[in-house]
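Encoded as C-alpha cells, the structure appears first; notes follow it.
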Amino acid sequence: MVSAISSNGASSAVSSGTGSSNSSQIATLQRQITSAQKQLTDAQKGEQTDATQKLQQQLADQIAALQAQIAQLQAASAQQVAQQSAQSSDSADTSTSAARSVSSTLGSIIDTHA
C-alpha cells in the first residue's frame, strides 16, 4: 500500500495492484508531481520570505515523496512480471515433465506387449 499525496497536501491510499492499475497510479502521481513542480516554480518567483521558503521546502519534500511512490509502484510491477514469468516457466517445466512421463510410460507398455 502506497500513500499518494495530492497537490494540496492531502493523502490518499494507493494499492499495489495489477500492472495496468500500477500504470494508472503512476500516471496520477506524475500529474501530482507536475502540479507540485508548477506550484514550486510559482513560489520561487515571488519574494523570498520565511513563509515562501517553507512552502518551497514542503513542495520539494512532496515531490520527493511522490517520486518515491512511483519507484515503489515500478518495483512492484517489476516483481509481478518476474513472478508471472517464473510461474509460466514452472508451468512449462511441469508440462514437459508430464509429457516425458507419458512418453516413457507408453514406451514401457509397448515394450511389454512386443
Side-chain angles (χ1 to χ4, degrees):
M1 186 75 80
V2 179
S3 177
I5 303 169
S6 68
S7 59
N8 64 5
S11 179
S12 63
V14 178
S15 65
S16 298
T18 62
S20 62
S21 173
N22 283 353
S23 295
S24 68
Q25 291 172 358
I26 288 171
T28 298
L29 293 170
Q30 287 173 330
R31 285 190 296 275
Q32 291 174 354
I33 287 173
T34 301
S35 175
Q37 287 171 330
K38 183 180 181 314
Q39 290 175 352
L40 180 57
T41 300
D42 291 346
Q44 291 170 339
K45 291 179 183 176
E47 184 181 337
Q48 293 300 304
T49 64
D50 287 342
T52 58
Q53 288 177 351
K54 185 176 181 180
L55 174 62
Q56 289 172 14
Q57 186 59 52
Q58 288 174 339
L59 289 168
D61 292 345
Q62 179 182 356
I63 290 167
L66 291 167
Q67 289 170 333
Q69 291 169 8
I70 288 173
Q72 287 177 330
L73 288 169
Q74 288 171 331
S77 290
Q79 185 177 12
Q80 287 173 349
V81 168
Q83 287 173 343
Q84 289 170 352
S85 176
Q87 288 171 352
S88 293
S89 176
D90 288 346
S91 277
D93 290 345
T94 301
S95 296
T96 302
S97 295
R100 284 184 187 140
S101 176
V102 168
S103 176
S104 174
T105 302
L106 286 174
S108 296
I109 292 171
I110 292 169
D111 287 342
T112 57
H113 288 301

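Computed over heavy atoms, backbone and side chain alike; hydrogens, waters and symmetry mates excluded.
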Distance, nearest 0.5 Å, that separates [atom1] of [X] from [atom2] of [Y]:
X: Ser35; Y: Gln62; atom1: OG; atom2: CD; value: 7.5 Å
X: Ile33; Y: Leu66; atom1: CD1; atom2: CG; value: 5.0 Å
X: Gln57; Y: Thr52; atom1: CD; atom2: OG1; value: 12.0 Å

Side chains of Thr34 and Lys38 in contact at under 4.5 Å (non-hydrogen atoms)
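SC-SC contact between Thr34 and Lys38 ruled out.
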
side-chain contact (heavy atoms from CB on, under 4.5 Å) involving [X] - partner list, sequence neighbours excluded:
X: Glu47; result: Thr49
X: Gln84; result: none
X: Leu55; result: Ala43, Gln58, Leu59

Considering residues at least two apart in sequence or located in another chain, which fulfil the side-chain hydrogen bond (donor to acceptor under 3.5 Å, both in side chains) criterion with [X]?
X: Gln79; answer: none
X: Gln44; answer: none
X: Gln48; answer: Gln56

Using salt bridge (charged side-chain N to carboxylate O under 4.0 Å, His left out) as the criterion, list what pairs up with Lys54, not counting sequence neighbours.
none

Would you check if the side chain of Ser85 reaches a backbone N or O of Val81 as a donor-acceptor pair within less than 3.5 Å?
no

Filter on salt bridge (charged side-chain N to carboxylate O under 4.0 Å, His left out), then keep only pairs touching residues 64-73, sequence neighbours left out; what's left?
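Every candidate salt bridge (charged side-chain N to carboxylate O under 4.0 Å, His left out) pair involving residues 64-73 fails, so no pair, neighbours aside, qualifies.
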
Sequence neighbours excluded - salt bridge (charged side-chain N to carboxylate O under 4.0 Å, His left out) pairs with any residue from residues 21-34:
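Sorted result for residues 21-34: empty, none.
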
What do the steps show when you test Gln25 against Ile70 for side-chain contact (heavy atoms from CB on, under 4.5 Å), and what is the final call?
CA-CA 8 Å; Gln25 291 172 358; Ile70 288 173; over 6 Å; no

